[in-house]
Amino acid sequence: MRDQISKYTGKLLADRSACADGIAFAAQDDVLITAGAPGLAELAGNTLSRLNSLALVAARPSLPFADFLIARAAEGEDCIVPQDTETRTFLHDIPFLRRKDLTGDPSPVLAKLLGNRKGVIVEGVGIVAVGAITVEQAFINYSSVFHSTFVKYLQDVLADGFRLPGEREAFQAFRSQWLRPLSAAGLDFVPSLPGDKEAILDEIERVGRYTVERGLVDSFFGNISAAAGELIYISQTAASLDELKGCIDPVPADNSSTTGITASSELLAHRKIYEQTGARVILHGHPKFAVVMSMLCDRKKECNIKDCWKDCPHVRDLGGTPVVAGEIGAGGLAKRVPPVIGASGSAIVYGHGVFTLGREGFGEAFATMVDVENFCREEYFRRVDGKVL
Amino acid sequence: MGWTGKLLHVDLTRGTCERREIPAEILHAYLGGRGLGVRLMRDFFRLDPFDPDMPIIFAVGPLCGTNSPTAARLACVSRSPLTGTIYDCSAGGRFAWRLKAAGLDAVFITGQSARPALLAIDGARAELLPAGALWGKGVKETVASLKERGSVTAIGPAGENGVLFANIMMGEGNSIGRGGLGAVMGRKRLKAITVQGEGTTPVADRERFDAARADVMRLFRASPVIFGELGISEYGTPALVDLMAQRRMAPTENFRATFFADSGNYSGPAIKRECGAKKEGCYGCPIQCKKASAQGEALPEYETVNHFGALNGISDLHAIVRANSLCNELGMDTISAAATLSAFGEARGRFPDPAEVASLLADIACRRGEGELLGLGSRRLAEQLGHSEVSMSVKSLELPAYDPRGAYGMALAYATSNRGGCHLRAYPISHEILRKPVPTDRFSFSGKARIIKIAEDVNAAVDSLVACKFAFFGATLEEYGELLTAATGVEYGPESLKAIGERIYLTERFYNCENGFSRKDDTLPERFFTEPGSGGEGIDVPPVDRERFSEELQKYYRIRGLDENGGFGGRNILEELP
């Protein structure tokens with residue numbers, strides 16, 4: 001398991017979600033092992049030894065947003081409830097421990113919280129996430145908590161402004177230093193995707209990697225596909241887009257075989273998009289600013305709909321990209337995205353992520369996703385700058 | 001809340017039915033279903049399975065009677081005459097829901113009736129009635145003649161005649177299968193149980209319950225295995241046929257091969273096309289993974305199509321459907337029946353053709369001709385034929401349709417399963433093949449000892465809720481813990497549920513060890529260590545590495561707190577448990 005710990009430590013560094021000197025893992029088979037930053041490693045080991053699970057990560061996020069969310073929470077609150085799809089579907093809520101409540105060894109109380117939820121935030125310490133059966137799962141849960149706290153903090157700042165000492169400065173540092181310009185520059189795409197299987201698989205694997213490297217998706221979320229005759233080549237469910245070798249299912253368009261039962265949960269959406277648009281490829285990521293902006297709605301005050309993410313029937317607009325509601329898989333996204341994506345080549349799903357198309361190859365789909373995210377990023381900061389915070 | 005706290009104690013020898021209290025602390029500590037049944041076996045587990053005093057227990061769970069998805073189920077618990085192990089089987093249908101509505105968490109049946117009997121439960125009333133007229137009848141006729149009495153569970157001729165893999169059949173076509181509990185019921189001369197009830201199961205916190213239910217349903221919709229267009233809701237478990245073929249791990253010709261070129265004849269899409277498969281399922285279940293023909297005939301599951309298909313070299317879908325129907329009518333387990341026929345076929349050098357399958361199944365149920373020997377299951381059959389190597393079983397339970405050479409977690413899980421060669425105890429196919437909740441490397445033992453241990457604990461809890469394993473292709477104990485807490489008013493979460501699962505698992509292991517089981521039984525048939533599977537399309541299927549297997553088994557023992565022989569080292573764990 002040490003190789004797995006090394007691998008996922010590397011991923012936390014590569015996606016810049018954790019501080020280089022603040023990452024630790026614990027894993028247990030018949031013995032417990034720990035690795036990483038000594039203090040965190042001890043905490044990770046002590047906590048995991050109290051759990052009937054295989055792995056745990058304790059890491060200090062590279063951004064202070066999770067701590068700010070705790071500090072901004074009202075007295076008496078003990079969890080944060082982000083509204084993005086990843087949290088709602090997989091995490092439900094994220095418990096936290098306040099710094100003032102940490103006395104002595106926090107591992108017993110941490111273990112108790114992790115006995116009910118996949119990830120916990122410990123103020124001043126970091127995000128602690130558990131992997132029930134793999135080290136990868138601990139990484140995924142850390143990544144989801146990081147994603148959720150990122151999205152929620154940006155939403156809260158836009159809604160309520162800065163409230164704490166140091167917030168403004170930290171936010172400025174995030175904006176000017178942590179964020180990097182997003183572009184497709186330097187990436188190679190096959191201009192027109194050929195029909196042969198190997199070339200298609202190679203291109204999907206490569207573009208999947210690009211999607212992760214440019215921060216357009218986190219952990220094992222997102223999916224990617226290409227249509228070729230009577231087949232759709234689509235990434236498998238629970239596949240990390242930067243590791244797609246051997247994880248792409250060829251699915252017959254006529255459902256004459258069920259080998260694609262392991263395909264992405266968005267297979268139906270992809271199939272319908274192909275049917276309705278004639279596109280050649282589809283890319284789906286979870287770029288953070290698009291997720292944040294998709295949940296801003298001018299009509300919320302006068303609207304009676306409570307569960308906007310699934311029930312909103314309206315098609316809104318973000319810089320020419322339609323925004324629709326709809327849950328993952330069989331939950332509605334597959335009905336609402338296909339009719340609206342053809343015109344612009346992109347669609348945003350409320351609180352969830354972005355679908356983009358390529359008529360010939362992935363270059364167009366990737367560039368479109370970059371454009372959507374850049375628009376949303378600029379629009380977000382335009383709105384922040386427009387408010388007196 | 002959640003539980004009724006009542007058990008119906010039935011003594012067939014004395015002809016009595018009596019309602020008794022179940023202590024709340026036992027319900028809280030063992031939940032219901034499998035856990036409750038296993039706990040209630042504490043004073044009886046050493047008895048011979050056919051001893052008149054051996055109980056057979058039907059237990060529902062605290063979620064039964066609520067609209068928790070997939071929770072209208074029960075567990076049937078006793079000691080298996082096929083394996084000699086403690087045994088439980090989870091089954092759906094309407095019976096469990098009606099049992100709860102009759103105000104019962106469990107029915108505990110002991111003794112032996114002098115004459116064929118029927119146990120009729122109607123609300124608070126329970127009585128034993130003569131069933132001589134039903135003895136010898138098939139399941140369909142038995143169920144039809146009792147339908148006015150509510151939901152029915154019954155044995156067929158196989159159970160009456162002591163076939164060691166006889167099922168107890170639920171009236172809606174579900175079965176209490178694998179371990180031969182139908183033969184236990186038959187030995188007690190209990191032909192059937194009927195139940196009806198009008199009671200409701202209150203929920204302690206309706207708002208919390210509804211939120212948890214919405215979370216579960218959202219995860220079901222997000223799961224390609226459950227509600228995906230190629231998933232089990234659409235095609236039933238035969239959705240796995242194509243996948244297992246592609247992964248080169250479909251047991252073929254008594255596990256001599258792992259690929260059957262004609263498996264497409266009985267794939268999910270083929271069954272849908274040829275049989276007009278329509279959705280059916282357990283009461284209140286949103287998944288509806290059962291499939292029935294246009295004429296209402298129950299269609300076979302994945303394990304059944306593979307074992308009456310590839311395992312016996314048969315490619316005729318309609319012959320497979322007939323074999324499935326025959327087993328259901330006679331009250332026999334399809335996996336063990338087909339695997340025993342396959343072992344028989346290998347031993348004699350010729351696998352049975354479809355016509356012979358049908359006649360041999362009838363012979364087995366009636367214990368006549370070759371059926372006398374076949375009715376003992378593959379292990380005893382193979383030994384008596386002088387070919388013990390052809391029984392593809394663990395602890396005498398025939399292996400299902402996932403070749404262990406294609407998934408090493410599955411290999412370990414077959415060996416450690418407390419009820420013998422079963423895929424459902426740890427269900428590693430979920431992550432090794434179906435990528436849920438996350439994928440693991442199917443050709444690696446790394447981490448598998450811990451993973452299997454955790455999954456066994458999880459599934460023991462799931463079997464005690466009682467919920468369907470398929471629900472966990474989407475949901476987790478997080479959501480089901482919420483449902484349970486909201487239903488009962490007692491706080492549960494994933495970790496506390498896993499602790500309950502561990503308690504149940506160790507209790508079962510202890511019973512087995514006390515009955516003579518040990519490390520020598522925690523292994524696979526020799527074939528898997530010496531013969532490769534059918535590689536192809538870039539997939540190599542080598543034999544299982546015996547050394548790594550043994551190493552991982554020892555890790556498993558250490559993680560479980562067992563000694564190197566898989567035992568408790570003289571410790572009486574029952575004294576430590578509630």
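Here is how names work: the chains are called A, B, and so on, in the same order as the sequence lines, proteins then strands, and each is numbered from 1. Worth saying up front: this structure is predicted, and the values here are computed from it rather than measured.
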Using heavy-atom distances under 4.5 Å, tell me whether [X] contacts chain B through its side chain, its backbone, both, or neither.
X        : value
A:Leu113 : neither
A:Ile140 : side chain
A:Arg117 : both
A:Val31  : neither
A:Ala111 : neither
A:Ser256 : backbone
A:Lys310 : neither
A:Gln4   : neither

Would you check if there is a donor-acceptor pair between the side chains of [Y] and [X] at a distance under 3.5 Å?
X        : Y        : answer
A:Asn46  : A:Ser107 : no
B:Asp242 : A:Thr258 : yes
B:Asp522 : B:Tyr557 : yes
A:Thr237 : B:Lys436 : yes

With a 4.5 angstrom heavy-atom cut-off, which part of [X] approaches chain A: side chain, backbone, both or neither?
X        : answer
B:Tyr556 : neither
B:Tyr235 : side chain
B:Glu552 : side chain

Of the listed residues ([options]), which shares the most heavy-atom pairs with chain B below a 4.5 Å separation?
options                                : value
A:Ala334, A:Ser53, A:Ala263            : A:Ser53
A:Gln28, A:Arg88, A:Glu327, A:Gln137   : A:Gln28
A:Met1, A:Glu136, A:Gln236             : A:Gln236
A:Gly260, A:Gly329, A:Gly332, A:Ser265 : A:Ser265
A:Asn255, A:Leu268, A:Val251           : A:Asn255

Hey, which of [options] has the most heavy atom pairs under 4.5 Å with chain A?
options                                : answer
B:Arg273, B:Gln246, B:Gln554, B:Lys498 : B:Lys498
B:Ser267, B:Pro439, B:Ser496, B:Gly228 : B:Pro439
B:Arg435, B:Glu234, B:Lys272, B:Met244 : B:Arg435
B:Gly447, B:Ala449, B:Gly268, B:Ser223 : B:Gly447
B:Ala499, B:Ala239, B:Ala270, B:Gly493 : B:Ala239

Set of side chain to side chain contact (heavy atoms under 4.5 Å, CB included) partners for B:Ser446, sequence neighbours left out
B:Ser444

Among A:Leu12, A:Ile5, A:Leu48, which one satisfies side-chain contact (heavy atoms from CB on, under 4.5 Å) with A:Val57?
A:Leu12

From the list A:Val145, A:Ile94, A:Asp93, A:Thr87, side-chain contact (heavy atoms from CB on, under 4.5 Å) partner of A:Ile80 resolves to A:Ile94

Within residues 477-485 of chain B, which positions have a heavy-atom distance to chain A below 4.5 Å?
B:Glu478, B:Glu479

Can you tell which of B:Glu495, B:Lys453, B:Glu502 makes a side chain to side chain donor-acceptor pair (under 3.5 Å) with A:Asn52?
B:Lys453

Within the side chain of A:Ser143, is there an N or O that forms a donor-acceptor pair under 3.5 Å with the backbone of A:Phe139?
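Between the backbone of A:Phe139 and the side chain of A:Ser143 there is no qualifying donor-acceptor contact (under 3.5 Å).
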
Kindly write out the residues that satisfy ring-ring contact (aromatic ring centres under 6.0 Å, His included) with B:Phe445, not counting sequence neighbours, or none if the list is empty.
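If we apply the ring-ring contact (aromatic ring centres under 6.0 Å, His included) test to B:Phe445, skipping adjacent residues, the hits are B:Tyr408.
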
Can you sort out the partners of B:His431 under ring-ring contact (aromatic ring centres under 6.0 Å, His included), two or more places apart, ordered by chain and number?
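By the ring-ring contact (aromatic ring centres under 6.0 Å, His included) rule, B:His431 matches no residue at all.
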
From the options B:Arg560, B:Arg558, B:Arg450, select the one residue that forms a salt bridge (Lys or Arg N to Asp or Glu O under 4.0 Å) with A:Asp30.
B:Arg558

CG of A:Leu110 to CG of A:Leu51: how many Å apart, nearest 0.5 Å?
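Atom-to-atom, A:Leu110:CG and A:Leu51:CG are 9.0 Å apart.
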
With rounding to the nearest 0.5 angstrom, report the NZ to CD distance, A:Lys245 to A:Glu205.
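These two atoms lie 5.0 Å from each other.
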
Flag the pair A:Phe355 / A:His270 as yes when at least one side-chain heavy-atom distance between them is below 4.5 Å, and no otherwise.
yes

Cation-aromatic face contact B:Arg248/B:Phe259, 6.0 Å, 45 degrees:
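So B:Arg248 does make the cation-pi contact.
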
